[in-house]
Colleague: 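Let me begin by handing over the structure; questions about it come next.
Per chain, numbering begins at 1; letters A, B, ... match sequence-line order.
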Amino acid sequence: MKGHETFTEAVVRLLKSVPEGKVTTYGQIAALAGNPQAARRVVRVLCSLSEREGLPWHRVINSKGGVSLTGEGRKLQLGLLRKEGIRLGADGRMNLQRFQWRP
DNA sequence: GCCATGGCTAGTA
DNA sequence: GCCATGGCTAGTA
């Protein structure tokens with residue numbers, strides 16, 4: 001969290017810098033934005049601003065390396081990740097060591 | 001009250 | 001599985 005920007009602004013900025021082929025977690029973004037406790041606020045930002053800001057929402061996964069969405073959203077997210085070369089193992093998780101974004 | 005979280009603990013197998 | 005967490009929403013009063 002640099003300077004005067006708000007938590008939400010920091011989250012947007014950070015999300016936009018996650019490159020193709022890499023993933024981040026709700027908690028990682030919250031921590032980098034200055035509040036490690038606010039993983040759920042990151043979810044709020046994703047829900048409300050993904051479309052308008054063009055956020056790479058599909059690159060955000062949970063701390064276990066799994067996709068948290070259900071139903072259609074889940075299918076869409078898995079498809080988008082797959083196009084970037086990321087897929088889940090039989091246990092429904094991906095290798096975070098390999099795919100997690102490191103700023 | 002709900003939830004696209006996360007971390008920690010009991011308690012099975 | 002439990003609970004701290006944070007912000008929004010449906011649905012009463």
Colleague: Mark yes or no for whether A:R41, through its side chain, and A:A30, through its backbone, hold a donor-acceptor pair below 3.5 Å.
Modeller: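 Not confirmed, A:R41 side chain does not pair with A:A30 backbone.
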Colleague: Looking only at the side chain of A:T25 (C-beta and beyond, no hydrogens), which of the listed nucleotides C:dT5, B:dG6, B:dA4 gets closest?
Modeller: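 Shortest atom-to-atom distance from the side chain points to B:dG6.
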Colleague: Provide the Watson-Crick or G-U wobble partner of B:dG6, both distances under 3.5 Å; none if there is no partner.
Modeller: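 Checking every strand shown, B:dG6 finds its partner in C:dC3, with both distances under 3.5 Å.
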Colleague: Measure from CG on A:L32 to P on B:dG6 and round the result to the nearest Å.
Modeller: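 Answer to the nearest Å: 13 Å.
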Colleague: So what does A:R44 hit on the nucleic acid, given a heavy-atom distance under 4.0 Å: a base, only sugar-phosphate, or nothing?
Modeller: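 Sugar-phosphate, no base atom in range.
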Colleague: Using only side-chain N and O atoms of A:S68, determine if any of them is under 4.0 Å from OP1 or OP2 of B:dA4.
Modeller: no
Colleague: Report the base-pairing partner of C:dG11 (Watson-Crick or G-U wobble, both distances below 3.5 angstrom), or none.
Modeller: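 Base partner found: none.
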Colleague: Please report, rounded to the nearest Å, how far the P atom of B:dG7 is from the NZ atom of A:K64.
Modeller: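 Value for this atom pair: 9 Å.
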Colleague: Write down the distance between CD1 (A:I29) and P (B:dA4), rounded to a whole number of angstrom.
Modeller: 19 Å
Colleague: Looking at A:Q100 and A:G65, would you say the former's side chain and the latter's main chain have a donor-acceptor pair under 3.5 Å?
Modeller: no
Colleague: Tell me the interatomic distance from A:R93, atom CZ, to B:dG6, atom P, rounded to whole angstroms.
Modeller: 12 Å
Colleague: What is the distance, to the nearest angstrom, from the CH2 atom on A:W57 to the P atom on B:dC3?
Modeller: 18 Å
Colleague: Taking A:E84 for the side chain and A:R59 for the main chain, is one N or O donor matched with an acceptor at less than 3.5 Å?
Modeller: no
Colleague: Out of B:dG6, B:dA4, C:dT5, which has the shortest distance to the side chain of A:R40?
Modeller: C:dT5
Colleague: From the options B:dG7, B:dA4, C:dT5, select the nucleotide whose nearest atom is closest to the side chain of A:Q37.
Modeller: C:dT5
Colleague: Looking only at heavy atoms, which two atoms of A:L78 and A:L88 are closest? And how far apart?
Modeller: CD2-CD1, 3.6 Å
Colleague: Quick one: pull up CZ in A:R87 and CG in A:L81 and give me the separation to the nearest 0.5 Å.
Modeller: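 Answer for the CZ-CG pair, A:R87 versus A:L81, is 11.0 Å.
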Colleague: Expressed in angstrom and rounded to an integer, what is the separation of A:Y26 atom OH from C:dG6 atom P?
Modeller: 18 Å
Colleague: Can you identify which nucleotide, out of C:dG6, B:dA4, B:dG6, has its nearest atom closest to the A:A39 side chain?
Modeller: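 Selected nucleotide (nearest to the side chain): B:dG6.
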Colleague: Specify the separation, in whole Å, of atom CE of A:M94 and atom C1' of B:dA4.
Modeller: 13 Å
Colleague: Specify the separation, in whole Å, of atom CG of A:N35 and atom P of C:dG7.
Modeller: 9 Å
Colleague: The side chain of A:N62 lies closest to which of these nucleotides: B:dA4, B:dG6, C:dG6?
Modeller: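 Minimum distance to the A:N62 side chain belongs to B:dG6.
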